[in-house]
Amino acid sequence: MPPAVPQLNSPINTPSELDSLAKELGDHLQEENPNHPVSPSRFTKAKDIAQHSTSDYSVVLLPGCNAVECGFALGEWLPAMVYVPYSKSGGA
């Protein structure tokens with residue numbers, strides 16, 4: 001059987017890899033002025049909306065981090081990290 005050919009549009013990371021990366025990276029973020037903890041339900045909703053991977057980048061939401069409330073009290077900003085390979089960003 002011939003080796004599998006990688007798909008050109010396949011994501012960089014699987015959903016389980018994104019979860020592992022989020023846990024690992026969350027330990028490296030230090031917040032200077034933490035506002036308040038994110039509720040588990042709000043974190044889950046944000047993760048469902050934003051955490052994903054494409055062939056060009058990956059986005060993870062960081063668990064255990066605090067949110068920053070919007071200035072108009074209409075929502076919250078949650079910390080996330082975006083991975084972009086050097087090959088997609090013009091080199092090192």
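For the single chain, residues carry numbers from 1 onward in sequence order. Computed from a prediction, not measured in an experiment: that's the story for all the values here.
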To the nearest 0.5 angstrom, please state how far the [atom1] atom of [X] sits from the [atom2] atom of [Y].
{"X": "F43", "Y": "Q51", "atom1": "CZ", "atom2": "CD", "value": "6.5 Å"}
{"X": "K23", "Y": "L62", "atom1": "NZ", "atom2": "CG", "value": "13.0 Å"}
{"X": "K45", "Y": "L78", "atom1": "NZ", "atom2": "CG", "value": "13.0 Å"}

>> Restricting to side chain to side chain contact (heavy atoms under 4.5 Å, CB included), what partner residues turn up for T44, sequence neighbours left out?
In response: D48
> Can N66 and V38 be said to form a side chain to side chain contact (heavy atoms under 4.5 Å, CB included), step by step?
Replying inline: CA-CA 6 Å; N66 291 293; V38 179; 5.9 Å; no
> Any idea which heavy atoms bring P79 and C65 closest together, and the distance?
Replying inline: CG-CB, 3.5 Å
> S53 and P11: which non-hydrogen atoms are nearest, and at how many Å?
Replying inline: O-CB, 3.4 Å
> Does T14 offer a backbone N or O that forms a donor-acceptor pair with the side chain of E17 under 3.5 Å?
Replying inline: yes
> Short question: side chain of S58, backbone of T54 - any donor-acceptor pair under 3.5 Å?
Replying inline: no
> What's the verdict on side chain to side chain contact (heavy atoms under 4.5 Å, CB included) for V84 and D56, showing C-alpha distance, side-chain angles and the deciding distance?
Replying inline: CA-CA 7 Å; V84 181; D56 295 324; over 6 Å; no
> Checking side chain to side chain contact (heavy atoms under 4.5 Å, CB included) against L18, which of L61, N13, I12 comes through?
Replying inline: N13
> Please walk me through it: do D19 and K47 pass side chain to side chain contact (heavy atoms under 4.5 Å, CB included)?
Replying inline: CA-CA 10 Å; D19 287 339; K47 181 179 160 191; 2.9 Å; yes
>> Could you work out, with ring-ring contact (aromatic ring centres under 6.0 Å, His included) as the rule, every residue matching Y57, not counting sequence neighbours?
In response: H52
